[in-house]
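Only heavy atoms go into these numbers, but all of them, side chains included; no hydrogens, no water, no symmetry mates.
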Amino acid sequence: MDGISGRYFEDCNEAEQVARCPTDFSGGYAAYALDPGNADRLWTLSHQLNSAVTH
């Protein structure tokens, strides 16, 4: 796995992107899970929430 980053795996295989959320928990990942804008917003929100708790 050396050098592999930013991917989702399940059952020892790379997961496939799904268009809709499976109702039977059959796996896969949604496109928004790899969206850099979502990652930035999550990082910012996490930082704000942690700062509020520690101060």
Ala15 versus Gly28, closest heavy-atom pair with distance
CB-CA, 4.3 Å
Can you name the nearest heavy-atom pair linking Asn38 to Tyr32, along with the distance?
ND2-O, 2.9 Å
List the atom of Tyr8, the atom of Ala33, and the distance in Å for their closest heavy-atom pair.
OH-CB, 3.5 Å
Give a yes or no answer on whether the side chain of Asp11 reaches the backbone of Asn13 with a donor-acceptor pair at less than 3.5 Å.
no
Flag yes if more than 12 heavy atoms outside Glu14 fall under 6.0 Å of its CD atom; otherwise flag no.
yes
Looking only at non-hydrogen atoms, find the nearest pair between Gln17 and Ala31 and report the distance.
NE2-CB, 3.0 Å
Distance from Glu10 atom CD to Ser26 atom OG, nearest 0.5 Å?
8.0 Å
To the nearest 0.5 Å, what is the distance between CG (Leu42) and CG (Leu49)?
9.5 Å
